[in-house]
2 protein chains.
Amino acid sequence: MVMDVNRRTVLRLSRYRKALQRFSELGFVKVFSDNLGEAVGVTSAQVRKDFSLFGISGNKRGGYQIDSLLETLQRILGKGRVQKVIVAGAGNIGRALIHYPTFEKEGIQIAAAFDIDPAKMHRKERIPVLSLDEMPRFIEENGIEIGIIAVPEIAAQEVCDRMVRSGIRGILNFAPIRLRCGDENVVINPVNLQIELENVIYFVHALGKNQDTAPVNDKIKVNHL
Amino acid sequence: MVMDVNRRTVLRLSRYRKALQRFSELGFVKVFSDNLGEAVGVTSAQVRKDFSLFGISGNKRGGYQIDSLLETLQRILGKGRVQKVIVAGAGNIGRALIHYPTFEKEGIQIAAAFDIDPAKMHRKERIPVLSLDEMPRFIEENGIEIGIIAVPEIAAQEVCDRMVRSGIRGILNFAPIRLRCGDENVVINPVNLQIELENVIYFVHALGKNQDTAPVNDKIKVNHL
DNA sequence: GTTTTTTTGTGATAATTTTCACTAAATTGC
DNA sequence: GCAATTTAGTGAAAATTATCACAAAAAAAC
């Protein structure tokens with residue numbers, strides 16, 4: 001059985017990590033797979049399978065030591081060192097990310113933001129907002145690997161190309177368009193807020209219609225999507 | 001074979017819709033399943049399966065009429081009428097959503113935002129920012145069904161409970177916590193920006209390590225996550 | 001020390017989701 | 001009109017993902 005480390009597994013790992021942090025803060029020392037599963041919304045078997053995939057093992061009847069498990073997950077998720085990230089686009093979403101409260105504590109450092117609009121530039125801020133033209137050099141000089149695209153749809157592909165040419169290896173893309181990138185070694189993770197909202201709207205309507213006339217095959221029964 | 005209308009299918013539907021809008025703007029009249037697949041990043045068979053699930057049919061050899069297909073998708077996705085939405089939390093993300101440029105055009109109307117901080121309130125704006133205490137009445141009086149949670153983690157569950165009690169049926173949750181909601185008929189869609197970013201970071205590191213020493217089982221080979 | 005209980009780790013199984021591959025229909029070219 | 005070609009629609013197959021269920025280990029109880 002070849003079980004792959006896929007996107008979903010890693011997302012769950014991040015959630016386990018978050019849950020463990022809370023448990024740790026509450027003073028707990030050990031945790032069982034069903035505690036973690038309950039906290040994250042998956043089965044205990046799923047938790048154990050995920051861990052086994054990364055060679056994480058606990059103690060039979062003893063569960064997992066929270067501290068060491070947390071350390072292991074931190075290491076797997078690359079939390080060992082500070083991860084520098086840049087943001088292209090200092091509009092609404094870009095600014096929200098620049099000020100995202102927990103990034104700093106979590107080892108994610110927004111090194112700079114870039115925009116095409118001179119009015120948005122702030123060179124003297126703690127997180128400077130520079131000209132988009134300066135982005136390639138900034139990426140190269142600072143060895144930035146991760147970029148966030150928060151520019152309008154029309155500019156997104158161009159910004160993506162520039163990022164990749166300058167050395168960016170992973171992109172979180174908020175522009176509502178599918179970015180094409182020839183390089184197989186570049187990871188692109190799209191986040192489309194409108195589509196996420198439309199998804200909620202769809203299921204609210206679908207549930208509304210199936211209130212009491214639900215046919216057998218309609219397994220529309222969601223709480224968490 | 002019972003194929004379910006699931007989250008992913010609806011997400012794809014939204015993407016097809018978006019692609020169709022672009023095709024339509026470019027003056028195209030008809031489209032084939034492989035055009036749509038290519039635009040969205042899925043196979044043509046996937047496109048046809050998705051459509052067949054909703055009883056959408058095209059013409060053999062003729063493809064699909066863009067206009068009528070677009071109308072059908074709009075209807076399925078509830079684009080017939082304006083969907084009113086409220087936002088709890090007028091912090092960075094809340095404000096970004098309030099000013100999200102395409103919501104208006106797409107029939108999504110942010111009716112109001114709510115915050116606990118008096119300094120953030122703006123009763124006279126086009127999209128007013130009101131006190132969180134006013135939220136329940138606003139939801140009831142305006143028959144709001146969809147809510148966005150963009151408050152700090154600590155307040156999210158409480159806001160969720162209030163929303164649901166007041167009649168909200170679907171929630172887009174940006175707080176980095178799993179919301180519990182007893183009501184099976186309430187849909188919750190979590191969007192965790194930090195976790196999405198961590199996902200990119202993980203795969204960038206994973207790809208970096210497996211540059212030329214990739215073992216057989218490591219199927220880490222991603223472009224779009 | 002032995003029995004009982006609990007919980008991990010995992011192979012087997014089930015469920016879900018996607019892709020394949022082929023039929024049938026429509027269009028085009030001649 | 002007929003053959004060739006293209007593309008939708010879909011059952012079957014494959015691939016992926018999640019769950020079950022049970023053996024083995026550790027701890028607790030007695």
Side-chain angles (χ1 to χ4, degrees), chain A residues 1-13 15-16 20 23 28-66 68-69 72-73 199 216-222 224-225, chain B residues 1-13 15-16 20 23 28-66 68-69 72-73 199 216-222 224-225:
Chain A
M1 184 194 32
V2 182
M3 196 19 190
D4 195 16
V5 178
N6 59 14
R7 170 174 158 75
R8 292 173 145 208
T9 309
V10 179
L11 287 175
R12 284 195 299 269
L13 242 49
R15 296 205 178 95
Y16 299 146
L20 285 167
F23 288 146
F28 290 105
V29 173
K30 66 181 186 181
V31 70
F32 302 123
S33 58
D34 57 344
N35 304 140
L36 269 175
E38 217 276 328
V40 166
V42 302
T43 63
S44 61
Q46 180 79 78
V47 175
R48 297 195 298 273
K49 264 275 155 71
D50 287 339
F51 286 176
S52 100
L53 195 58
F54 289 91
I56 297 171
S57 58
N59 310 303
K60 301 223 164 149
R61 182 146 195 182
Y64 304 84
Q65 289 299 118
I66 288 177
S68 81
L69 180 53
T72 306
L73 292 184
N199 215 241
V216 181
N217 274 356
D218 258 357
K219 285 206 296 172
I220 297 170
K221 187 181 168 191
V222 277
H224 286 269
L225 287 179
Chain B
M1 184 197 30
V2 182
M3 197 19 190
D4 195 15
V5 177
N6 58 15
R7 169 175 159 71
R8 291 172 147 212
T9 310
V10 178
L11 287 175
R12 284 195 298 270
L13 241 50
R15 296 206 179 94
Y16 299 147
L20 285 166
F23 288 146
F28 291 104
V29 173
K30 65 182 186 181
V31 70
F32 302 122
S33 58
D34 58 344
N35 303 143
L36 269 174
E38 216 276 328
V40 166
V42 301
T43 65
S44 60
Q46 181 79 80
V47 175
R48 298 195 297 272
K49 265 274 153 71
D50 286 339
F51 287 175
S52 99
L53 195 58
F54 290 92
I56 296 171
S57 58
N59 310 302
K60 302 223 164 145
R61 179 140 199 189
Y64 304 85
Q65 289 299 118
I66 289 178
S68 82
L69 179 54
T72 306
L73 291 184
N199 215 243
V216 182
N217 272 356
D218 259 355
K219 285 205 297 171
I220 296 169
K221 187 184 168 188
V222 277
H224 285 269
L225 288 179

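Below, read A as the first sequence line, B as the second, and so on, with proteins coming before strands; counting in each chain starts at 1. Treat the numbers as computed from the prediction; the structure is a model and nothing was measured.
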*Between D:dT19 and A:Thr43, is there an OP1 or OP2 to side-chain N/O distance shorter than 4.0 Å?*
yes

*Between C:dT17 atom P and B:Leu11 atom CG, what is the distance in whole Å?*
12 Å

_Gap separating the OG1 atom of A:Thr9 from the NZ atom of A:Lys49, nearest 0.5 angstrom_ = 11.5 Å

*Using modelled atom types only, decide if a donor and an acceptor are shared between the side chain of B:Asn35 and the backbone of B:Phe32 within a distance under 3.5 Å.*
yes

*Assign each of A:Phe51 and A:Arg8 to its nearest nucleotide of DNA chain C by heavy atoms, then name whichever residue's nucleotide is nearer the 5' end.*
A:Phe51

_Atom-pair distance (CG on B:Leu53; P on D:dA8), nearest Å_ = 17 Å

*Within this structure, what is the NZ-to-P distance between A:Lys49 and D:dT16, rounded to whole angstrom?*
16 Å

*Would you mind classifying the nucleic acid contact of A:Ser44 as base, sugar-phosphate or nothing, using non-hydrogen atoms under 4.0 angstrom?*
nothing

*Which atoms form the tightest heavy-atom contact between A:Arg48 and A:Ser33, and what is the distance?*
NH1-OG, 3.0 Å

*Would you say a side-chain N or O of B:Tyr64 is under 4.0 Å from OP1 or OP2 of C:dA26?*
no

*Under 4.5 Å between any side-chain heavy atoms of A:Leu69 and A:Phe51, yes or no?*
yes

*What integer distance in Å separates A:Asn6:CG from D:dT17:C1'?*
8 Å

*Look at B:Ser33 and D:dA8 and indicate whether a side-chain polar atom (N or O) is within less than 4.0 Å of OP1 or OP2.*
yes

_Across nucleotides 21-30 of chain D, 5' to 3', mark each nucleotide with B, S or - according to how protein heavy atoms within less than 4.0 Å reach it._
B--BBBBS--

*Nucleotide C:dT19, atom P - distance to CG of B:Asp34 in whole Å*: 14 Å

*Whole Å only: how far is the CG atom of B:Asn35 from the C1' atom of D:dT6?*
13 Å

*Write down the distance between CD (B:Gln46) and P (D:dG9), rounded to a whole number of angstrom.*
15 Å

*Rounded off to whole Å, could you give me the CZ-to-P distance for the B:Arg7 and C:dT16 pair?*
17 Å

*asked:* So which atom in A:Tyr16 and which in A:Leu36 form the shortest heavy-atom distance, rounded to 0.1 Å?
replied: O-CD2, 4.0 Å

_Please determine whether a side-chain nitrogen or oxygen atom of B:Ser52 lies at a distance below 4.0 Å from atom OP1 or OP2 of D:dA8._
no

*First locate atom CG of A:Asn199, then atom CZ of B:Arg8, and finally report the distance between them rounded to the nearest 0.5 Å.*
12.0 Å

*Nearest non-hydrogen partners of B:Asp50 and B:Arg12, listed with the distance*: OD2-NE, 2.6 Å

